[in-house]
Amino acid sequence: MANQNLTNAKRAKKDEFYTQRVDIEKELKHYKDQFRNKIVYCNCDDPFESKFFEYFAANFKELKLKKLISTSYAGSPIAGQMLPFREYEGLKNKKKKEPLKIEINEVKDFNLDGAVSLKDIEYLLKNNANSATPLKGDGDFRSKECIELLKKADIVVTNPPFSLFREYVAQLVEYNKKFLILGNQNAITYKEIFKLIKENKLWLGYDNGGTKWFQVPDDYDIPTESRKKIINGVKYFSMGSIVWFTNLDTTKRHEELILYKKYSPKDYHKYENYEAIEVSRYTDIPKDYDGVMGVPVTFLDKWNPDQFEIVGMAEDNGKGLSGGIWDGRNPHCVVNGSNKFKRIFIRNKKVKK
DNA sequence: AGAAGGCTCTTATGTGTACT
DNA sequence: AGTACACATAAGAGCCTTCT
């Protein structure tokens with residue numbers, strides 16, 4: 001049963017997922033201009049494993065980055081296993097799997113092989129003691145030394161631990177940082193996250209629907225066969241509910257969603273307990289309805305704030321997030337006596353009342 | 001017809017809070 | 001201190017549509 005799996009997931013609190021390079025490229029290609037002369041920080045990461053670090057190192061020149069910072073976390077299960085740690089000048093005589101920080105200010109043909117590539121990064125790390133250094137603590141994003149690095153950064157890009165997602169986003173907002181991070185689709189409905197979305201301080205990126213594959217530790221149990229694959233002995237797990245959260249501008253959120261349906265009371269039911277109509281799929285949003293509409297959370301992937309105002313969210317239990325259209329009884333949206341799944345309330349700004 | 005992708009749906013349960 | 005609720009939520013599943 002789905003809910004049993006969700007419950008298992010909740011209990012496990014596993015944060016051991018490695019993002020694929022292809023998923024990073026699919027998203028990051030849309031933001032190239034916004035990285036020019038910027039300091040990028042990838043935390044909750046492992047520079048020797050992370051495809052985030054690899055992507056920015058490989059594209060340092062093309063993106064015209066000013067600086068790239070990456071820190072690893074001691075709890076990472078496969079941290080530092082891939083590359084021989086002690087070879088790096090700044091890490092000699094240090095224990096393996098010790099959390100570290102990497103700072104890169106320039107990428108050029110360091111090894112004089114005629115090309116600029118990741119090999120130059122490796123050369124730099126091996127020969128410059130200042131580029132890779134151990135952290136004092138465990139690399140937790142909440143630690144003082146990591147916050148100091150965060151303060152220096154312009155944009156944070158990473159896949160943070162989902163179990164600490166709210167805390168992680170709160171920190172980014174507190175330090176007024178730009179960010180592009182992965183998160184669970186369910187996080188949209190977290191009170192704190194939804195509040196930011198409603199206030200237009202946070203929205204979704206480009207590549208949200210569909211399936212993303214994440215590398216997981218070998219002993220990670222995947223009960224569903226169709227969501228598991230092993231390539232060259234490396235285990236991957238697929239999830240269709242992982243989305244990008246960002247406060248970098250996107251062209252997508254300025255595109256208008258084309259609407260086809262016309263409103264009629266017979267096709268759209270009014271909720272019994274909210275002053276709004278039920279729209280079960282985003283494609284069914286009527287083009288001519290001037291009131292409040294309840295839509296699935298996946299609407300957010302299509303949201304253009306110039307076209308739709310977000311009024312609130314269902315099930316707020318009187319916390320003031322429903323936009324004042326709730327009768328205060330059943331927190332779910334009720335149609336014909338049955339509860340609907342979580343709904344976001346929107347109003348079309350282009351339809352005159 | 002089968003595969004892949006896009007989009008919508010779930011309820012058991014840990015945690016916090018108000019009680020006795 | 002112990003109990004009974006109320007509340008918020010989960011690194012997924014499953015259905016339906018579109019592609020090959």
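The basis for the numbers below is simple: all heavy atoms, side chains too, and nothing from hydrogens, waters or symmetry mates. Just so we're on the same page: letters track the sequence lines, and every chain starts at 1.
- Between A:N159 and A:K191, the one whose closest nucleotide on DNA chain C sits nearer the 5' end is A:K191.
- Between A:R281 and B:dG6 there is no side-chain N or O to OP1 or OP2 distance below 4.0 Å.
- Taking only side-chain atoms of A:R343, from C-beta outward, the nucleotide of B:dC7, B:dC9, C:dG12 with the closest atom is B:dC9.
- Between the P atom of B:dC7 and the CG atom of A:L257 lies a distance of 11 Å, rounded to the nearest Å.
- The ring pair (Phe, Tyr, Trp, His ring centres under 6.0 Å) pairs that include a residue from residues 116-136 of chain A number zero, where partners must be two or more places apart or lie in different chains.
- Of the candidates C:dG12, B:dC7, C:dT9, the closest approach to any side-chain atom of A:K302 belongs to B:dC7.
- The aromatic rings of A:Y274 and A:F345 are tilted relative to each other, their planes meeting at an angle between 30° and 60°.
- The side chain of A:K340 has B:dC9 as its nearest neighbour among C:dT9, C:dG12, B:dC9.
- Between the C1' atom of C:dG12 and the CZ atom of A:F341 lies a distance of 11 Å, rounded to the nearest Å.
- Following rounding to the nearest Å, A:I193 (CD1) and C:dA8 (P) show an atom-to-atom distance of 15 Å.
- Residues satisfying the salt bridge (charged side-chain N to carboxylate O under 4.0 Å, His left out) criterion with A:E275, sequence neighbours excluded, are A:K270.
- In this structure, of B:dC9, C:dT9, C:dG12, it is C:dG12 that holds the atom nearest to the side chain of A:S241.
- Nucleotide C:dC16 is matched to B:dG5 when pairs are restricted to Watson-Crick or G-U wobble geometry with both distances under 3.5 angstrom.
- Side-chain proximity of A:Q185 to the nucleotides B:dC7, C:dT9, B:dC9 is greatest for B:dC9.
- Remark: C1' of B:dG5 and NZ of A:K229 are 14 Å apart, rounded to the nearest angstrom.
- In this structure, A:R166 does not reach the C:dA8 phosphate: none of its side-chain N or O atoms is under 4.0 Å from OP1 or OP2.
- If you measure from atom CZ of A:F162 to atom C1' of C:dG12, you get 12 Å, rounded to the nearest angstrom.
- Going from atom CG of A:N339 over to atom P of B:dT11 covers 10 Å, rounded to whole Å.
- Whole-Å rounding puts the A:D301 CG to B:dC7 P distance at 7 Å.
- Ionic pairing of A:K212 and A:E27 is not present here: no N-O contact between side-chain nitrogen and carboxylate oxygen is shorter than 4.0 angstrom.
- Ion pairing of A:K252 with A:D301 is present here, as a side-chain N (NZ or NE/NH1/NH2) and a carboxylate O approach within less than 4.0 Å.
- To the nearest angstrom, P of C:dG12 lies 19 Å from NZ of A:K342.
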